[in-house]
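See below for the structure under consideration.
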Amino acid sequence: MSPESRRRKRAKPSRSGQQVVRRARPAEVDQCDCPVCSDFDPQNFIDDLVAGAADPIKADDPVEAELFAATFLSAGDLGGEGFTEALNEDMLPAVAEIGTPEALAMLLAIDAVREGTVATEAAQRLVDAGVAAPSWASELRQPVRVGPCRRFVDPAGSASVLVCAFERAGRSHGFLVHVDHLHCDAAADIVLFPAHALDEVVTTIQQNGRRAGLTIAEELLDPAEFRWQVEQALDARADHDQERDLAEFDDEFNDEDGPGYHMLAVLLRARIRTLPEPTRPPAQHDARQTSLELLDMISQIAGQAQQIQTRTGRRTAGRKLPAKRRKSGPTAPIYQLKVGLREAKPPIWRRLELPADTSLADLHGIIQVAFGWHDSHLHVFETPYGDFGVADRELGHRAEAPVTLEQVAPGVGGRFKYTYDFGDDWTHEIVVEKVLPRQPIAYPRCTGGRRAAPPEDCGGIWGYAELVEVLNDPDHPEHGDRLEWLGLASAADFQPARFDAAEITRALTEGGNG
């Protein structure tokens, strides 16, 4: 898969909305996790919130106003359970009291994307009082019509893509939802695209499936079933997000390239509420583990759909490489990584501890030392954000030196691949097992592992298995040649089971990787 298929671009909301959200995301909490209970002046927050509506009030498309509201609401949802109560009892009444066109625009936008708020009545009071409504207000009252709802699925049942377009007042747009069936059927990503690009999106899904060696089946869903599928995916993802630290979402709300997953989830929920109620009950949330192969497959199925450009130049939604940690910010924590050599039997792996802000270039050097490789071949990091290595336009590799570990694996469970030697294809799976506080010791260090790594140029994992077999058989016709190739006096000097974490740590320290 090309790295271009993994670059994700987003429809861009107003910067003022993002500035409001930055203030709405509390760093410390006194009573609850909602903005009202955080350590800042509530009235200043309300003033900033309403002022932020100056851009969406002038928008031509009401979707821009809805995204502005969705950005604020999603930030509050992630902040804690007290947000909805604070929204209804404190924030929305305070917005209505300001009584300006911007305040009305804010209330109308919130009412369009969130049920169960007091925004409807508050907005109507301002309209009755003669406050001028934005030009797009009438469009929000128009019915939403749904187009064909489709599901693209790998027959093995590991992942699927849900696609549907919606039309309102002559404007239409579509949503694409990646569903990870090996991770509790949770939504992995959401893409918002212009409806005129729907055929291109569908073609892209099918083409990327073929390139990934997948047989993608397409099926039409009735609107009620489509709603059921989407709600299960969004709800499972919401459950998972509750277990994550709030700080893990900061980069999503600081991204000036457009709305991320959580903002689009709020907008998508508003759209599917216009569909018929599902006839079957919600599915039970079954906690299962995902795999790196699944994440790769999801990216392959629909990655290129996220790059579609509209004729007006607006970019589609998707994932962008998170921002790098600022030098003026807090010191990076320590990541505990497990780096395993794929398809090795018995398993060959290393457990490493290193700063989260280690560059991928330095991580490459650390892995080389940990596995006893000699850095005599090409390599690449394959991540959900693209492929990184020595910059090479022909190979599609972006420069690895400016990119850090925590950017491509933001938190526990983050996964990506590292491949060394494109001939022997030594592919390593890397997973963040723990995030640890920094100790007054030298990093990086190796704290665990199993077995020696295969020697270079032995023909990949299958060639290594053959090498072990030959060396274990003194009567094999190639036994002597293989010993000579390895520079060994006898087969007893070949110790594939040998592993010494302390020795690797010393080598890492001496190599200057800390």
Looking only at side chains, do Thr203 and Glu200 share a donor and an acceptor under 3.5 Å apart?
no
As a quick check of understanding, evaluate side-chain contact (heavy atoms from CB on, under 4.5 Å) for Leu352 and Tyr335, giving each step before the final call.
CA-CA 8 Å; Leu352 304 171; Tyr335 270 13; over 6 Å; no
Whether Arg150 side chain and Val163 backbone form a donor-acceptor pair below 3.5 Å:
no
Donor-acceptor pair, distance only, cut-off 3.5 Å: does the side chain of Asp362 make one with the backbone of Thr358?
no
Within the structure provided, determine whether Phe152 and Val202 are in side-chain contact (heavy-atom separation under 4.5 Å).
yes
Are the ring centres of Phe388 and His397 closer than 6.0 Å?
no
Please find the pair of heavy atoms, one from Cys458 and one from Asp424, that lie closest to each other, and give the distance.
N-OD2, 3.2 Å
Carboxylate-amine/guanidinium contact Arg269 Asp235, below 4.0 Å
yes
Roughly how far apart are Leu378 CG and Leu395 CG, rounded to 0.5 Å?
7.0 Å
Trp349 vs Phe371, side-chain contact (heavy atoms from CB on, under 4.5 Å): CA-CA, chis, key distance, verdict:
CA-CA 8 Å; Trp349 56 274; Phe371 280 82; 5.5 Å; no
Please check this pair: side chain of Arg350 against backbone of Ile367, looking for a donor-acceptor N/O pair closer than 3.5 Å.
no
Quick one, Arg151 and Glu218 - any side-chain contact, counting heavy atoms below 4.5 Å?
no
If you take all heavy atoms of Val403 and Lys324, which pair is closest and at what distance?
N-NZ, 4.5 Å
Pair Lys338 + Glu433: basic N to acidic O under 4.0 Å
no
Side-chain contact test, heavy atoms from C-beta onward, threshold under 4.5 Å: evaluate it for Tyr443 versus Leu508 and give yes or no.
no
Exercise: identify the closest heavy-atom pair between Ala370 and Ile504
O-CD1, 3.4 Å
Ring centre gap for Phe381 and Tyr418 strictly below 6.0 Å
yes
Can you tell me how far the CG atom of Asp387 sits from the NZ atom of Lys417, to the nearest 0.5 Å?
9.0 Å
What heavy-atom pair brings Ser359 and Ala401 nearest, and what distance separates the two atoms?
CB-O, 3.5 Å
Just wondering, do Met263 and Ser74 contact through their side chains at under 4.5 Å, heavy atoms?
yes
Worked check of ring pair (Phe, Tyr, Trp, His ring centres under 6.0 Å) between Tyr420 and His377
CA-CA 7 Å; Tyr420 171 63; His377 299 282; 5.7 Å; yes
Go through the steps for Asp457 and Asp421 under the test side-chain contact (heavy atoms from CB on, under 4.5 Å), then give the verdict.
CA-CA 8 Å; Asp457 302 316; Asp421 186 349; 3.8 Å; yes
Heavy-atom check, side chain of Ile461 versus side chain of Arg342, under 4.5 Å:
no
Would you tabulate the side-chain donor-acceptor contacts of residues 444-452 under 3.5 Å, counting partners in other chains and residues two or more places apart, or write 'none'?
{"from": "Arg445", "atom 1": "NE", "to": "Glu353", "atom 2": "OE1", "distance (Å)": "2.8"}
{"from": "Arg445", "atom 1": "NH2", "to": "Glu353", "atom 2": "OE1", "distance (Å)": "3.0"}

Using a distance-only test with no angle check, is there a side-chain donor-acceptor pair under 3.5 angstrom linking Thr427 and Thr419?
yes
Is Arg325 salt-bridged to Glu406, cutoff N-O under 4.0 Å?
yes
Side-chain heavy atoms of Leu337 within contact of Arg351, under 4.5 Å
no
How far does CG of Leu486 sit from CG of Asp493, to the nearest 0.5 angstrom?
10.0 Å
Might you point out which heavy atoms bring Trp228 and Pro281 nearest each other, and give the distance in Å?
NE1-O, 2.9 Å
Separation between OH of Tyr261 and CG of Leu234, rounded to the nearest 0.5 Å
4.5 Å
Would one find more than 12 heavy atoms of other residues, nucleotides or ligands at under 6.0 Å from atom CH2 of Trp462?
no
In this structure, CD1 of Ile190 is separated from CG of Leu267 (nearest 0.5 Å) by 9.0 Å
What I'd like to find out is whether the side chain of Arg438 reaches to under 4.5 Å of the side chain of Thr331, using heavy atoms alone.
yes
CG of Asp375 to CD of Glu456, rounded to nearest 0.5 Å, is 8.5 Å
Donor-acceptor check, side chain of Asp500 to backbone of Ala502, threshold 3.5 angstrom: yes or no?
yes
For the rings on Phe72 and Phe83, is their centre-to-centre separation under 6.0 Å?
yes
Classify the angle between the aromatic ring planes of His428 and Trp373 as parallel (below 30°), tilted (30 to 60°) or perpendicular (above 60°).
perpendicular
Please test Asp189 against His178 for side-chain contact (heavy atoms from CB on, under 4.5 Å), starting from the C-alpha separation and ending with a verdict.
CA-CA 5 Å; Asp189 206 357; His178 303 182; 3.9 Å; yes
Contact summary for Ala233 and Val179, nearest pair of heavy atoms:
CB-CG2, 4.0 Å
Can you confirm whether Phe175 sits close enough to Val191 that some side-chain heavy atom of one is under 4.5 Å from a side-chain heavy atom of the other?
no
So, Gln229 side chain and Phe226 main chain: donor-acceptor pair closer than 3.5 Å or not?
no
Between the main-chain N or O of Ser376 and the side-chain N or O of His374, is there a donor-acceptor pair closer than 3.5 Å?
no
Whether the His379 and Glu400 side chains hold a donor-acceptor pair (N or O, under 3.5 Å, no angle test) is what I'd like checked.
yes
Is it true that Arg498 and Glu503 have a side-chain N and a carboxylate O under 4.0 angstrom from each other?
yes
Please determine whether a side-chain nitrogen of the Lys or Arg among Glu231 and Arg227 lies less than 4.0 Å from a carboxylate oxygen of the Asp or Glu.
yes
